[in-house]
Amino acid sequence: MVNITFPDHAVRQFPEGITGLEVAKSISEGLARNILSVKVDNEIWDVSRPIKKDVEIKFLTWDDEGGKATFWHSSAHLMAEAIEAIYPGVKFGIGPHIENGFYYDIDFVDHVISSEDFPKIESKMLELAREKQTFVRKEVSKKDALDYFTRKGDEYKVELLQELEDGQITFYESGRFIDLCRGPHLYDTGPIKAIKLLNIAGAYWRGDETRKQLTRIYGITFPKQKELTDWLILLEEAKKRDHRKLGKDLELFTFSQKVGLGLPIWLPKGTILRERLEMFLRKVQKKAGYQPVICPHIGSVELYKTSGHYQKYGESSFRPITTPVPGEEFFLKPMNCPHHCEVYKSKQRSYKELPIRFSEFGTVYRYEQSGELHGLTRVRGFTQDDAHIFCTTDQVKEEFKGVIDIVMLIFKALDFKDFTTQISLRDKNNQEKYIGSDENWDKAEKAILEVAEESGLNTVIVPGEAAFYGPKMDFLVKDALGRKWQLGTIQVDYNLPERFELEYIGNDNHKHRPVMIHRAPFGSMERFVAVLLEHTAGKFPLWLSPDQAIILPISEKYQNYAEKVFSLLNNSDIRSQIDDRNEKAGKKIRDAELMKIPYMLIVGEREETEGTVSVRKHCEGDLGPRKIEDFIRFVNEEVTKELGDIYL
RNA sequence: GCCGAUGUAGCUCAGCUGGUAGAGCAGCUGAUUUGUAAUCAGCUGGUCGGCGGUUCGAAUCCGUCCAUCGGCUCCA
């Protein structure tokens, strides 16, 4: 007999070798119908796997992440089986579940397939799912496993197998498909009722661009058709929030092939939005003791040789700018830090000055690969809300915390609740990727880890993701389609101060080396605006809206009064415009609603005689008439409420 | 950069198996002087992404280049 402990701490005895499914059945038929997998002592198992010792157990259903993972992983196998049936001889890479669905990397050998082939794969999958094929787990020896895939001619599985240890290799068999797989899987394919293959893409084998590119097919499945339909509707809704679409509709920014790929052009409304954000941060940084500086957009090649950027990125940058002087070269600046080091060096520094914080909205240029460009989130020219803090080793932690506070202030002001914090450390097995001594790296990494611990942030630690000069803490936010983008970043750097021979005179009258903290709480204005657009769906808070109000005269007769209102608003720094088109009020309202302008001020006969405006709020409707001065006060109050103690 | 798809008027899109382009919105002109999500009428506007090729004839077929989209790789 084995003792099985349930989540409510109840313990019951069962015969040894009982399966999760049987345990579930002993509780209720309904539960048994719904479980997809079982968590056994923190490991997720197939429901059909025998339990041979005392364990803790938790049943996983569609409502659990682990349950969905099992469902989608099994769906990947189902897709592979369908594809193998339709295109015999294809070879398989890996096929995991992902956050929403699953994919499988497949070498189609001679076939070229496209999304047009999806329907037939989907219907084959449905056909196989209806056969309720059971997933059978088999432990196999490494030799037998290698024999099988060698005979099958699947070199990818052979490669994966070679890295596994004998004794821990399992196969899963479902229908006519056998896969090397750790599992777990569904009991059978029956619950997979709704299937949608989503897209197709090339993916390098093992993520290595020097190796063969396989065809990756992404898909998603559900236990009910309704859930798939709902999910697809959600996806359509998300696409409407795409910043590239909103940016065009709301006239915020544009791109021009003539100006150049990946070089955003900020239109007047977008410029107001961006300047509002900059103003906000300037105020915050002023309070936090930052000193703005301004540096040129180009820098001598020597600057980047000193910083190490030249050696590291010389080949993948924009080509150097040459001059009539032979041998003289400049680079478009890819980073502001080298310039700021020179700002630091402009005079001798004393420990009494530290920490010194130089800030700059610095526009930088990086030659991103053409396939990487993506709206405003990945561009070749962008403006960082950059700053570099020069401080003593003792001050690092406090300064770092100060930056986290700024990031949190911004996230709070703009209602970003759903973000993740990632700490990127160096890859110790790949030291040639980095510059600087081990000792300095250890110090920097230790500082970040300690701050993270003390700040109480929920962080994810990722080795190998550090910048080449130092470890970092990044704040990531998802876009409308669930793609994660890095916004804020904080990086500790002991290396550049050394390369630039930065010094300060300590209280011991000796020279010391400062530490540098690179930081950008928005990250870049471009990316931040992109994510903000998707987050708000273009419905910006009042303080950010390019147009805070639009004045809608009922007819030409009230044009003069409209102009009077406009001038009063303008004098109070409320951004507005007049819709003086020869259109009816309904049309003007509709257009203003579509442009997501926060307040519509309808003016006609009544308003003119009473000195009022009829206020309509975006998405909410008519708020009734108000004296002009009351509306002005009302707007100012709303802005103050949004910004708290930051006054713009 | 790589894989796949897409590319028709400012925008959104139609155009079957090749017979030299069409709608709605926007814009312009006029009428209307309008009260909380589209007033009416007329008009302008496209060498169908670029360049080559096949054909009597190409938006439509083929090649190539460019751009966009979805991924991969990369991201100081």
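Each chain gets a letter, A, B and so on, in the order the sequences are listed, and its residues count up from 1.
Rounded to whole Å, atom C1' of rA76(B) lies 17 Å from atom OH of Y365(A). Put simply, CG on L552(A) is 13 Å from P on rA38(B), counting in whole angstrom units. Rounded to a whole Å, the NZ atom of K433(A) is 10 Å from the P atom of rA76(B). Spacing between atom CZ of R366(A) and atom P of rC74(B) amounts to 16 Å, rounded to whole angstrom units. If you take CD1 of I217(A) and P of rG71(B), they are 15 Å apart, rounded to a whole angstrom. The interatomic distance linking R380(A) (CZ) with rG1(B) (C1') rounds to 11 Å, in whole Å. rU36(B) atom P lies 7 Å from atom CD1 of I589(A), rounded to whole Å. Protein atom CZ of R244(A) is 13 Å distant from nucleotide atom P of rU12(B), rounded to whole Å.
Remark: G604(A), E605(A), R606(A), E607(A), S614(A) in residues 604-615 of chain A come within less than 4.0 Å of RNA chain B through at least one heavy atom.
Judged by atom type and distance alone, Y204(A) does not reach the base of rG71(B) through any side-chain donor-acceptor pair under 3.5 Å. Within 3.5 Å, a donor on the side chain of R378(A) pairs with an acceptor on the base of rC74(B), or the reverse.
Atom CD of E116(A) sits in a sparse spot, with 12 or fewer heavy atoms from other residues, nucleotides or ligands closer than 6.0 Å. Other residues, nucleotides and ligands contribute at most 12 non-hydrogen atoms within 6.0 Å of the CD atom of E501(A). Within a 6.0 Å radius of NZ in K196(A), other residues, nucleotides and ligands contribute 12 heavy atoms or fewer. With a 6.0 Å radius and a threshold of 12 heavy atoms from other residues, nucleotides or ligands, K443(A) has its NZ atom above the threshold.
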Quiz item: For K478(A) and E99(A), what are the C-alpha separation, side-chain angles and deciding distance, and is it a salt bridge (charged side-chain N to carboxylate O under 4.0 Å, His left out)?
Solution: CA-CA 13 Å; K478(A) 280 185 196 168; E99(A) 201 176 339; 2.8 Å; yes

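Judged by the 6.0 Å distance and 45° axis criteria, R527(A) is not positioned over the aromatic ring of F522(A). Judged by the 6.0 Å and 45° rule, R380(A) forms a cation-pi pair with Y367(A).
Inspection of the H73(A) and H97(A) side chains reveals no N or O donor paired with an N or O acceptor under 3.5 Å.
Between the P atoms of rG4(B) and rC62(B), the separation comes to 15 Å (whole Å). Comparing the same atom, P, in rG42(B) and in rC25(B) gives a spacing of 12 Å after rounding to whole Å. Comparing the same atom, P, in rU8(B) and in rC16(B) gives a spacing of 15 Å after rounding to whole Å. With both ends at atom P, the span from rU47(B) to rG63(B) equals 26 Å, rounded to whole Å. The gap from the P atom of rA21(B) to that of rC48(B) amounts to 10 Å, rounded to the nearest Å. Annotation: rA23(B) and rU44(B) have their P atoms spaced 11 Å apart (nearest Å). The separation of rA14(B) from rG71(B), taken at their C1' atoms, amounts to 30 Å, rounded to a whole angstrom. Distance noted for atom P between rA31(B) and rG50(B): 40 Å (whole Å).
For rG46(B), there is no paired base (Watson-Crick or G-U wobble, both distances below 3.5 Å). In a base pair of the Watson-Crick type (N1 to N3 plus N6-O4 or O6-N4) or a G-U wobble (N1-O2 and O6-N3), with each distance short of 3.5 Å, rU68(B) is matched with rA5(B). Pair assignment for rU12(B) gives rA23(B), based on Watson-Crick or G-U wobble hydrogen-bonding distances that are each under 3.5 Å. Pairing for rC51(B) is with rG63(B), a Watson-Crick or G-U wobble pair whose two hydrogen-bonding atom distances lie under 3.5 Å. In this structure, rC40(B) forms a base pair with rG30(B), meeting either the Watson-Crick or the G-U wobble geometry with both donor-acceptor distances under 3.5 Å.
For E122(A) (side chain) and L197(A) (main-chain N/O), a donor-acceptor pair under 3.5 Å exists by modelled atom type. Looking at Y87(A), its side chain never comes within 3.5 Å of a backbone N or O of D110(A) through a donor-acceptor pair. With E534(A) contributing its side chain and H243(A) its backbone, the two residues share a donor-acceptor pair below 3.5 Å.
Using a cutoff of 4.0 Å between basic side-chain nitrogens and carboxylate oxygens, D630(A) and R626(A) are not scored as salt-bridged. Ionic pairing of K120(A) and D117(A) is present here: one or more N-O contacts between side-chain nitrogen and carboxylate oxygen are shorter than 4.0 angstrom. Ion pairing between K484(A) and D474(A) fails under the 4.0 Å rule for side-chain N and carboxylate O.
For the pair E209(A) and A466(A), nearest-nucleotide mapping onto RNA chain B gives the more 5' position to E209(A). Each of I602(A) and E465(A) has a nearest nucleotide on RNA chain B; the 5'-most of these lies closest to I602(A).
D622(A) comes within 4.0 angstrom of a nucleotide base, judged by non-hydrogen atoms across all strands. Among the protein residues, G207(A) comes within range of the sugar-phosphate backbone only, with heavy atoms under 4.0 Å from sugar or phosphate atoms but none that close to a base. Looking at heavy-atom distances under 4.0 Å, R216(A) makes contact with sugar-phosphate atoms alone, never a base. The residue K245(A) sits apart from the nucleic acid: no heavy atom pair falls under 4.0 Å. Heavy atoms of Y218(A) sit under 4.0 angstrom from primed sugar atoms or phosphate atoms, though from no base atom.
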Under 3.5 Å, sequence neighbours excluded: what are the donor-acceptor pairs made by side chains of residues 297-305 of chain A?
| from | atom 1 | to | atom 2 | distance (Å) |
| --- | --- | --- | --- | --- |
| S300(A) | OG | E302(A) | N | 3.0 |

Which pairs would a plain distance check flag for residues 617-625 of chain A, meaning a side-chain donor or acceptor within less than 3.5 Å of a matching protein atom at least two apart in sequence or in another chain?
| from | atom 1 | to | atom 2 | distance (Å) |
| --- | --- | --- | --- | --- |
| H618(A) | ND1 | E593(A) | OE1 | 3.0 |
| D622(A) | OD1 | G624(A) | N | 2.8 |

What does the list of N/O pairs under 3.5 Å between the protein and nucleotides 23-34 of chain B look like, with a distance for each?
| from | atom 1 | to | atom 2 | distance (Å) |
| --- | --- | --- | --- | --- |
| rA26(B) | OP1 | K587(A) | NZ | 2.9 |
| rU32(B) | N3 | N582(A) | OD1 | 3.3 |
| rU32(B) | N3 | N582(A) | ND2 | 3.0 |
| rU32(B) | O4 | N582(A) | ND2 | 2.0 |
| rU33(B) | O2 | S555(A) | OG | 3.4 |
| rU33(B) | O2 | E556(A) | N | 3.2 |
| rU33(B) | O4 | E556(A) | OE1 | 3.3 |
| rU33(B) | O4 | E556(A) | OE2 | 3.2 |
| rU34(B) | OP2 | K557(A) | NZ | 3.4 |
| rU34(B) | O4 | N582(A) | OD1 | 2.2 |

Dump every N/O contact between nucleotides 60-66 of chain B and the protein below 3.5 Å, one line per pair.
| from | atom 1 | to | atom 2 | distance (Å) |
| --- | --- | --- | --- | --- |
| rC66(B) | O2' | Q257(A) | NE2 | 3.2 |

Provide a list of protein-nucleic acid N or O atom pairs under 3.5 angstrom, restricted to nucleotides 3-5 of chain B.
| from | atom 1 | to | atom 2 | distance (Å) |
| --- | --- | --- | --- | --- |
| rC3(B) | O4' | Q213(A) | OE1 | 2.5 |
| rC3(B) | O2 | G202(A) | N | 3.0 |

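None of R211(A), K91(A), K212(A) except one satisfies the salt bridge (Lys or Arg N to Asp or Glu O under 4.0 Å) rule with E155(A); the exception is K91(A).
For H374(A) and rU68(B), the shortest distance from a side-chain N or O to OP1 or OP2 is not below 4.0 Å. Within the structure, a side-chain polar atom (N or O) of R483(A) is placed less than 4.0 Å from OP1 or OP2 of rG70(B).
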